[in-house]
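Comments concern the structure below.
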Amino acid sequence: MILSELRANLWRYACIAAAVLAVAAVLGALYFRGSAYSARADRDAAVHERDQARSDRDALVELIAIERSKAAEYARIATEYEQDKARADEVATATADSLRAGNLRLRHEIGALYTAQLSGAAAHSAELAGAAERGAELAGAAIAVGAACDARDRAWRAVAEEDRK
């Protein structure tokens with residue numbers, strides 16, 4: 001009898017142990033299924049982040065190329081402006097020199113015409129010579145200012161056109 005009771009209890013204990021093992025197997029399967037799903041979600045998120053980083057990098061590379069081309073264009077505009085400004089100074093100097101040369105020639109002609117009236121005309125000629133000299137300088141300065149303004153205006157227009165692109 002003891003043996004039969006032991007066998008009956010043994011079957012009961014074996015069934016309970018099998019049930020516990022079956023429940024543990026189901027819980028383990030659910031846990032590993034969730035872990036696999038989580039790993040796939042993490043992998044998909046990492047792929048998305050990688051693709052976004054590549055897209056950002058490509059956009060930045062394109063932006064840097066655009067900025068470099070604009071910087072080169074601005075440097076060209078600045079060089080052109082400086083050259084125009086130097087040319088404006090040269091034109092002003094040349095204009096003032098040519099006006100002075102014309103005034104000298106004019107003064108010599110006036111001096112030749114009025115040699116007879118030397119007493120009154122000499123003082124007046126000196127005043128005219130000073131006025132002509134100041135006029136030549138003022139005309140040269142006015143031309144220099146105008147040429148410099150033209151150069152600056154061309155440079156600003158070029159910068160504005162470049163910014164519109």
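Numbering starts at 1 and runs along the sequence shown. Bear in mind that the values here come from a model prediction, so they are computed numbers and not experimental data.
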- Message: Apply the hydrophobic cluster definition, ILVMFWY joined by side-chain contacts under 4.5 Å directly or through others, and give me every member besides L27.
- Response: V23
- To which residues is Y74 joined in a hydrophobic cluster, defined by side-chain heavy-atom contacts under 4.5 Å among Ile, Leu, Val, Met, Phe, Trp and Tyr, whether direct or through other members? I77, V159
- CZ of R50: more than 12 outside heavy atoms within 6.0 angstrom? yes
- Task: List, by chain and then residue number, the residues other than V47 in its hydrophobic cluster (Ile/Leu/Val/Met/Phe/Trp/Tyr, side-chain heavy atoms under 4.5 Å); write none if there are no others.
- Result: none
Identify all side-chain donor-acceptor contacts of residues 52-64 below 3.5 Å with residues at least two apart in sequence or on another chain.
from, atom 1, to, atom 2, distance (Å)
Q52, NE2, D56, OD1, 3.2

- Item | salt bridge (Lys or Arg N to Asp or Glu O under 4.0 Å): pairs with one or both residues in residues 77-86, sequence neighbours excluded | R76-E80, E82-K85, D84-R87, D84-R154
- Task: For D44, check side chain to side chain contact (heavy atoms under 4.5 Å, CB included) against everything at least two apart and list the hits.
- Result: none
